[in-house]
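Everything on this sheet refers to the single structure shown next.
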Amino acid sequence: MTMISTSLRPSLQLNAPFSLFLPPNHIGFPNGSLRFRKIWKHSMCLSLKTVNPVVGDGVLRINGKEALTGVPENVIVTPSVDTSAFLGAVSDEKSCRHVFKLGVLQGYRLLCLFRFKIFWMIPRMGKSGSDVPVETQMLLLEAREDSSVDEGSREVSYILFLPVLDGDFRSSLQGNSANEIEFCIESGDPDVVASRFLEAVFINYGDNPFNLMTESMNLSEGGTPARFLIIDDGWQDTANEFQKEGEPCVEGSQFGARLLSIKENNKFRRTSKGDADEGPSDLKDFVTSIKRTFGLKYVYMWHALMGYWGGLHPNAPGTKKYNPKLVYPVQSLGIQTNIRDISMDSMEKYGVGMIDPAKIFEFYDDLHRYLDSQNVDGVKVDVQSLMETLGMGFGGRVSLTRQFHEALENSISRNFRDNSIICCMAHNTDSVYSSKVSAVTRASDDYYPKNKMSQTLHIAAVAFNSIFLGEVMVPDWDMFYSLHDSAEFHAAARAVGGCGVYVSDKPGHHDFEVLKKLVLPDGSLLRAKYPGRPTRDCLFNDPVMDGKSLLKIWNLNTLTGVIGVFNCQGAGTWPCTTTVPKNQNNAHPEESCLTERVSPVDIEFLDKVAGKNWTGACAIFSFNGGSLSTLPKNRSFNVSLKVLECEIFTVSPIRSYNQTVQFAPIGLTEMYNSGGAVESMDFTGNSSNCQLNIKGKGPGPFGAYSSTKPAFCTVNSKEVEFEFDNRDCFLTVIVPQKTNFWEIAIHFKS
């Protein structure tokens with residue numbers, strides 16, 4: 001189900017190494033800092049300045065705006081600080097599961113992130129409460145001031161609803177046919193009951209949706225050579241009683257396999273002394289060999305949160321010490337409303353060998369200590385949402401998830417350097433809000449290279465999910481094939497995603513022309529600073545099915561902004577929807593173009609990187625077009641794209657130096673995220689003689705906007721030739737190959 005790798009130093013360095021996925025059946029295959037927050041609802045630090053949400057006369061008002069009407073009397077508002085509050089409710093009866101009405105939601109454009117199946121989220125847009133799906137874990141509303149002026153001139157603000165964890169209960173949002181918003185709160189254990197919930201849904205208000213997410217989640221601190229490799233599912237010592245040799249394989253029976261020991265299977269070790277030339281002697285020999293042979297810095301191993309899909313074998317000598325017992329998962333009513341997942345349904349059918357919670361740290365510690373002894377650097381831990389189905393008899397889903405996550409992260413901290421874990425299949429808030437240390441999480445369902453209809457959905461889902469997940473961990477955009485019809489589409493998305501880059505190409509099947517636009521010759525990346533997210537004007541549009549909207553994803557580098565534009569229309573439909581795509585009647589949607597306006601102001605916080613000497617204009621470099629233009633920051637231009645086409649624009653604020661020079665660095669123009677190459681820029685001199693010193697990394701053509709033709713240029717103190725086009729003021733300097741770091745000095749004379 002998952003074939004995954006990531007480019008990760010868990011300390012989240014901006015120039016993390018490029019990574020290559022190695023499927024375990026190919027044994028012998030020859031080949032900036034970003035802050036993150038952890039969510040703890042009892043320790044909050046918010047900073048917006050206005051009034052708290054209040055309920056009066058059956059109306060929930062936030063800063064005077066009617067957010068919900070028809071609010072029932074049993075709904076309770078608990079003020080937090082400034083613009084925020086918690087919503088809750090009380091019942092006459094104690095139960096392990098309640099569904100409470102919060103009120104009627106109408107008159108807002110809205111964006112939901114909901115779990116369409118147990119392990120993964122996708123976005124849904126709408127205009128009323130009935131459009132809010134079951135298992136919604138984030139709800140964002142757009143509020144426009146009434147005005148007689150045109151739509152684009154109205155003041156816009158945003159209201160955020162985040163269902164959170166309230167004690168041992170976990171909440172989610174949903175709508176009904178009467179346009180009422182409800183929250184479902186459940187413990188996952190019939191023995192864990194309550195009737196009063198004061199802090200089930202966090203609500204906040206602000207005029208910037210990205211600041212709003214950041215502040216609302218600030219609840220507590222918490223060649224292209226590959227440098228990183230994950231060995232995925234297939235290395236472990238397992239047995240499967242549901243698959244008999246010589247008999248047809250029943251679909252889903254693979255998820256009934258159970259772990260026999262913490263060690264590797266026979267594929268990774270020699271079975272006799274006479275096999276010296278037929279593979280590694282053990283896992284350590286294999287890992288050490290591939291690190292040495294291919295220059296890998298990090299090797300991670302896959303395992304499930306419960307050890308394996310089907311857990312541990314209850315009677316195997318290698319697992320008995322952990323007291324595993326066969327249990328049968330029970331999926332919640334909410335998640336059963338959406339798409340069923342074959343792996344989860346199979347585990348429900350075949351059962352899971354559940355590790356005794358009292359032994360869970362011992363299991364993780366034994367496993368991770370063994371992997372560390374084998375020269376392994378960290379782990380990717382999959383199938384995490386399983387825990388919500390096993391809470392019965394163990395204090396409920398939230399309590400059990402917290403217990404397993406605490407043990408997991410304690411073991412990671414004890415046995416591996418830094419924060420050496422990647423989380424996966426963990427989109428339920430039980431897992432998200434229970435993580436204290438984990439810094440990276442998969443942000444989407446799997447990449448399906450053979451499913452042509454899923455390529456656009458994958459990019460759109462990751463971008464929208466990153467609005468939520470990006471405030472907690474670093475979103476992982478999953479692998480892709482570099483030799484594929486949609487390779488450029490995926491590669492460009494990774495370039496603006498602020499994520500690691502990794503491919504799962506088959507040996508010998510690579511498109512290095514694509515990879516060279518992402519990965520420098522030393523294996524490092526030009527990685528943007530933040531999680532890539534949709535631009536503000538895209539938040540409430542459907543870039544997959546409305547037939548008219550392009551998806552714009554923004555990010556920042558040290559001195560520049562970057563914006564990727566993607567046509568995701570006409571190539572797929574969202575799961576869990578009966579809506580017909582607007583372009584369905586087009587016989588050849590792949591041949592039609594859509595047009596969108598793009599502006600420097602689409603990039604949030606661009607002024608923060610521009611500095612005090614910003615002229616207010618920007619130099620804009622089109623990657624595919626190879627062209628340079630200038631534009632005032634509040635102006636826009638049109639971009640037209642066909643289905644599965646994309647374009648990346650580097651947006652560099654033009655800075656003024658003395659009275660003669662205006663300058664804007666573009667970066668390495670043959671890289672998708674060209675501005676990621678530029679690390680600093682300083683100005684020295686006077687009105688007659690001056691120079692700009694620009695530091696960065698990577699070889700190739702360096703481009704910049706310069707209002708004045710330089711007198712001469714140097715790279716690492718050696719004078720070099722340069723080109724200057726007077727028509728668009730495009731300056732180009734070639735950084736020699738094999739140059740990892742450089743300082744370009746551009747000299748001007750009046």
So, does D282 use its side chain to make a donor-acceptor pair with the main chain of R269 at under 3.5 Å? no

For A443 and N465, which heavy atoms make the closest approach, and how far apart are they? O-ND2, 2.9 Å

Once ring-ring contact (aromatic ring centres under 6.0 Å, His included) is applied, do any residues pair with F464, and if so which ones, sequence neighbours excluded? none

Go through Y328 and K349 one step at a time and tell me if the side-chain contact (heavy atoms from CB on, under 4.5 Å) criterion holds. CA-CA 7 Å; Y328 291 87; K349 174 182 177 181; over 6 Å; no

Has R494 got a side-chain atom pairing as donor or acceptor with M479's backbone, closer than 3.5 angstrom? yes

Hey, does V376 have a side-chain heavy atom less than 4.5 Å from the side chain of H368? no

Working to the nearest 0.5 Å, report the span between CD1 of I262 and CG of L312. 10.0 Å

Just do the side-chain contact (heavy atoms from CB on, under 4.5 Å) check on N375 and V299 with the steps written out, would you? CA-CA 8 Å; N375 205 12; V299 172; over 6 Å; no

Assess the residue pair M344 and M347 against the criterion (side-chain contact (heavy atoms from CB on, under 4.5 Å)); give the C-alpha distance rounded to whole Å, side-chain angles, the decisive distance to 0.1 Å, and a yes or no. CA-CA 5 Å; M344 192 66 248; M347 288 183 277; 4.2 Å; yes

Judged by atom type as modelled, is there a donor-acceptor pair below 3.5 Å linking the side chain of Q374 to the main-chain atoms of D372? no

Do you know the tightest heavy-atom contact between V735 and G698? CG1-O, 3.7 Å

Check this for me: does any side-chain nitrogen of one of K517 and E488 sit under 4.0 Å from a carboxylate oxygen of the other? yes

Nearest 0.5 Å, what's the CZ-CG distance between F741 and N716? 11.0 Å

Could you check V383, D445, I335 and say which one makes a side chain to side chain contact (heavy atoms under 4.5 Å, CB included) with F119? V383

Taking Y308 as the fixed residue, which of F363, F255, W302 is the one that meets the ring pair (Phe, Tyr, Trp, His ring centres under 6.0 Å) rule? W302

Taking side chain as C-beta onward, heavy atoms only, is T456 less than 4.5 Å from L644? yes

With a 6.0 Å cut-off on the ring centroids, do H458 and F480 count as close? no

Rounded to the nearest 0.5 Å, what separates atom OG in S413 from atom CG in L408? 9.0 Å

Can you tell me how far CG of L113 sits from CG of L469, rounded to the nearest 0.5 angstrom? 8.0 Å

Between P531 and N555, what is the shortest heavy-atom contact and its length? C-ND2, 3.8 Å

Would you call M671 and L518 a side-chain contact if the rule is heavy atoms closer than 4.5 Å? no

How are the rings of Y672 and F623 set to each other: parallel, tilted or perpendicular (split at 30° and 60°)? tilted

Looking only at non-hydrogen atoms, find the nearest pair between A495 and I648 and report the distance. CB-CD1, 4.2 Å

Between D377 and S420: side-chain donor-acceptor atoms closer than 3.5 Å: no

Closest non-hydrogen contact found for C646 with A492 is SG-CB, 3.7 Å

Compute the centroid of each ring, for F228 and then for Y300, and state whether the two points are separated by less than 6.0 Å. yes

Closer than 4.0 angstrom, basic N to acidic O: yes or no for R170 and D430? yes

Which atom names give the shortest non-hydrogen contact between I360 and A407, and what distance separates them? CG2-CB, 3.7 Å

Does R340, at its CZ atom, have more than 12 non-hydrogen atoms belonging to other residues, nucleotides or ligands within less than 6.0 Å? yes

Do S431 and C423 come within less than 4.5 Å of each other through their side chains, counting heavy atoms only? no

Short question: side chain of N240, backbone of S253 - any donor-acceptor pair under 3.5 Å? yes

Give the C-alpha distance, both sets of side-chain angles, the deciding distance and a yes or no for side-chain contact (heavy atoms from CB on, under 4.5 Å) between Y370 and E264. CA-CA 10 Å; Y370 175 72; E264 69 275 16; 2.5 Å; yes

Answer yes or no: are there more than 12 heavy-atom neighbours, outside K291 itself, under 6.0 Å from its atom NZ? yes

Report yes if the side chains of R442 and M425 come closer than 4.5 Å at any heavy-atom pair, otherwise no. no

Any side-chain donor paired with an acceptor under 3.5 Å for N428 and Q137? no

Could you measure the distance from the OH atom of Y364 to the CZ atom of R369? Nearest 0.5 Å is fine. 15.5 Å

Within the side chain of T389, is there an N or O that forms a donor-acceptor pair under 3.5 Å with the backbone of L386? yes

Less than 4.5 Å apart, side chain to side chain, heavy atoms only: is that true for V379 and I412? yes

Would you confirm whether H484, through its side chain, and P449, through its main-chain N or O, come within 3.5 Å as a donor-acceptor pair? yes

If you define the side chain from C-beta out and look only at heavy atoms, does anything of M306 sit under 4.5 Å from M354? yes

Heavy-atom donor-acceptor pair, N265 side chain to W235 backbone, under 3.5 Å: yes

Can you classify the ring geometry of H427 versus W120 as parallel (below 30°), tilted (30 to 60°) or perpendicular (above 60°)? perpendicular

If you define the side chain from C-beta out and look only at heavy atoms, does anything of L283 sit under 4.5 Å from M301? yes

How many angstroms lie between CH2 in W309 and OH in Y350, if you round to the nearest 0.5 Å? 14.5 Å

Heavy-atom donor-acceptor pair, N415 side chain to S411 backbone, under 3.5 Å: yes

Do side-chain atoms of D237 reach the backbone of K263 as a donor and acceptor pair under 3.5 angstrom? no

With a 3.5 Å distance limit and no angle check, can you tell me whether Q243 reaches the backbone of A257 through a side-chain donor-acceptor pair? no

With distance as the sole criterion, is a donor-acceptor pair present between the side chains of S444 and D478 under 3.5 Å? no

Does one side chain, of D511 or Y481, offer a donor that lies under 3.5 Å from an acceptor on the other? no

Looking only at the side chains, is there a donor atom on one of E409 and S438 sitting less than 3.5 Å from an acceptor on the other? yes

